[in-house]
Number of protein chains: 2
Amino acid sequence: MRLVVARCEVLYTGRLTARLPEAVRLLMFKADGSVLVHDDAGGYRPLNWMTPPTMVEDEDGLIVVRKGAGKSEDRLEIRIAEVLSDVTHDMGESVALQKDGVERHLQEELAARPDALGAKLRLVRREWPTDIGPVDLMCRDESGDWVAVEIKRVGTIDAVEQLSRYLERIELDGCRGILAAQAIKPQARTLAESRGIDCVEIDLAVLRGQREPDLTLFSA
Amino acid sequence: MRLVVARCEVLYTGRLTARLPEAVRLLMFKADGSVLVHDDAGGYRPLNWMTPPTMVEDEDGLIVVRKGAGKSEDRLEIRIAEVLSDVTHDMGESVALQKDGVERHLQEELAARPDALGAKLRLVRREWPTDIGPVDLMCRDESGDWVAVEIKRVGTIDAVEQLSRYLERIELDGCRGILAAQAIKPQARTLAESRGIDCVEIDLAVLRGQREPDLTLFSA
DNA sequence: CGGTAGATTTCGTGA
DNA sequence: TCACGAAGTCTACCG
């Protein structure tokens, strides 16, 4: 990884046109061709960047990063006014990040314990296919009726729309829908209820039995 | 900005739990409290990060970054095994990025020339309010009929859904919809047409008159 | 390669 | 503070 701290101006042309006036920035050139221009503020997003695969030309105070070709070429032009630091580090092998708690895990837990959705449900299959995409969980309830379950980390209006599209397409009589999420937005809940879709908030820790539901609230 | 290249392990707990095994990483500490952990590959996104406001404790090979408090605390724990480099740069003032070509510009241009949408339209107002949000452009056509226009850079199924929601709510008889975008996805076009919504692809450069429509194709 | 859905999305804006 | 919509979204997955 090459790290350059320099006073520079950056021009981007591609999906849009952007100009970054001359100031001191951090330029990051990664081994895979990624180029990032960072400021000393502004959170996690670079001011400008280019994702691999790229071609980098660096000569005489002008660095040009290209991607694609012809009409759809992306181009990042870095005009260096003054270099304050320029170091390269060999960072060796990279090791993958291990995540836990994303939607797929939630789906796994709910697939194992669909009763956590509040009704006595029996899982028929995960990723039930429709012509516009898979339903996360397809179940049947006590009465044998079909229940389509959409799982999100955050339940938004979009999630309700997505589940609604599935329900329109599903060729099963009386199939109802459940939106399950760790948090459900009020307006999503309102829209869901107006469409007869049930909402269930899920606590992943409780689901896993790492922690009991807060029964003290009701035992007193 | 403080830049540290170090062999380290990173643990994140917050919205999810993540572990980054020990390897050489770039640690970036920005003046505004942002902390980013970058690898020598993997594009523009940090492996781990925390956005401001944060509190950073750094002592004896253990860096702890905190955000929020109580049950919703986010915590980033960086366990340093070996420091390869540790430098701090004063980067001075930051200057804002200037962008051009985003949706707002598209809306401005179309507001000025609604006839570019393919029918003789007259603009009634931008950001026409409904109870679920504003319609980008509200126009009337030659017959005096109402036309609601949704503008996107890329026209997706979501854009069609959004416009459909507006059309449902608009209390104007016979109001039809137009989806205008620089590019429209085939499946979005299909969904739009099945709902009687017109699709128009817009070339921003042509719209601005910087470049004429490619008439040579038809003049020969 | 295009399309869809997820993301610790982030980030801005308006109510 | 909340909620919504844009983003050069990026990224993984599936056809």
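Order of the sequence lines fixes the chain letters, A, B, ..., with proteins taken first and strands second; residue numbering starts at 1 for each chain.
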Here the residues of residues 36-52 of chain B within 4.0 Å heavy-atom distance, strictly under, of DNA chain D are G42(B), G43(B), Y44(B), R45(B)
For dG6(C), does OP1 or OP2 lie under 4.0 Å from any side-chain N or O of Q162(A)? yes
Atom-pair distance (CG on L97(A); P on dG6(C)), nearest Å: 20 Å
Report the distance from atom NZ of K99(A) to atom P of dA7(C), rounded to the nearest whole Å. 8 Å
Salt bridge (charged side-chain N to carboxylate O under 4.0 Å, His left out) against R113(A), all qualifying residues, sequence neighbours excluded: none
With the threshold set at under 4.0 Å for non-hydrogen atoms, list the residues of residues 2-14 of chain B touching DNA chain D in residue-number order. none
Starting from the 5' end of DNA chain C, give me the residue, V154(A) or I151(A), whose nearest nucleotide shows up first. I151(A)
Report yes if some heavy atom in the side chain of E77(B) is under 4.5 Å from a heavy atom in the side chain of L62(B); otherwise report no. yes
Look at R15(B) and dT10(C) and indicate whether a side-chain polar atom (N or O) is within less than 4.0 Å of OP1 or OP2. yes
Residues which pass side-chain hydrogen bond (donor to acceptor under 3.5 Å, both in side chains) with K67(A), listed by chain and number, not counting sequence neighbours: T51(A)
Write down the distance between CG (D158(B)) and C1' (dG3(C)), rounded to a whole number of angstrom. 12 Å
For residues V147(A) and C175(A), determine if any side-chain heavy atom of one lies less than 4.5 Å from a side-chain heavy atom of the other. no
Beyond-backbone contact of I151(B) with L179(B), side-chain heavy atoms, under 4.5 angstrom: no
Got a sec, which residues hit salt bridge (charged side-chain N to carboxylate O under 4.0 Å, His left out) with D100(A), two or more places apart in sequence or on another chain? R208(A)
Just jot down the ring-ring contact (aromatic ring centres under 6.0 Å, His included) partners of Y44(A), sequence neighbours excluded, or say none. W49(B)
Under 4.0 Å between any heavy atoms, over every strand shown, what does Q107(B) touch: base, sugar-phosphate, or nothing? Just pick one. nothing
Whole-angstrom distance between dC10(D) and dA6(D), as gauged at atom C1': 14 Å
In whole angstrom, give the distance that lies between atom CG of L163(A) and atom P of dG6(C). 12 Å
Going by side chain to side chain donor-acceptor pair (under 3.5 Å), name the pairs with one or both residues in residues 11-26 of chain A, residues two or more places apart or in two chains. R7(A)-E22(A), E9(A)-R19(A), Y12(A)-D74(A), R19(A)-Q98(B)
From CD of E127(B) across to P of dG5(D) the rounded distance in Å is 12 Å
I need the CD-P distance between E150(B) and dG5(D), as an integer number of Å. 9 Å
For a 4.5 angstrom cut-off between non-hydrogen side-chain atoms, does V149(A) reach M138(A)? no
What's the closest nucleotide to the side chain of E103(B) if the choices are dC10(D), dT10(C), dA6(D)? dA6(D)
Map R165(B) and L16(A) onto DNA chain D by nearest heavy atom, then report which one ends up closer to the 5' terminus. R165(B)
Sequence neighbours left out, what passes side-chain contact (heavy atoms from CB on, under 4.5 Å) with S164(B)? Give chain and number order. V160(B), R195(B), I197(B)
Taking only residues two or more places apart in sequence, or in another chain, which ones meet D115(A) in a side-chain hydrogen bond (donor to acceptor under 3.5 Å, both in side chains)? none
Please check the phosphate of dC4(D) (OP1 and OP2 only) for any side-chain N or O of Y166(B) closer than 4.0 Å. no
For E193(A), salt bridge (charged side-chain N to carboxylate O under 4.0 Å, His left out) partners two or more places apart: none
Give me the residues of residues 181-193 of chain A where at least one heavy atom lies under 4.0 Å from an atom of DNA chain D, by number, or none. K185(A), P186(A), Q187(A)
Whole-Å distance, I157(A) CD1 to dA3(D) P, equals 10 Å
Using the test salt bridge (charged side-chain N to carboxylate O under 4.0 Å, His left out), find all partners of E103(A) that sit at least two apart in sequence or belong to another chain. none
Determine the interatomic distance between C1' on dG6(C) and the same-named atom on dA7(D); round to the nearest Å. 15 Å
Can you tell me the distance, in whole Å, between the CZ atom of R104(B) and the C1' atom of dA6(D)? 12 Å
Please report the distance separating the P of dT11(D) from the corresponding atom of dC11(C), rounded so that it comes out in whole Å. 15 Å
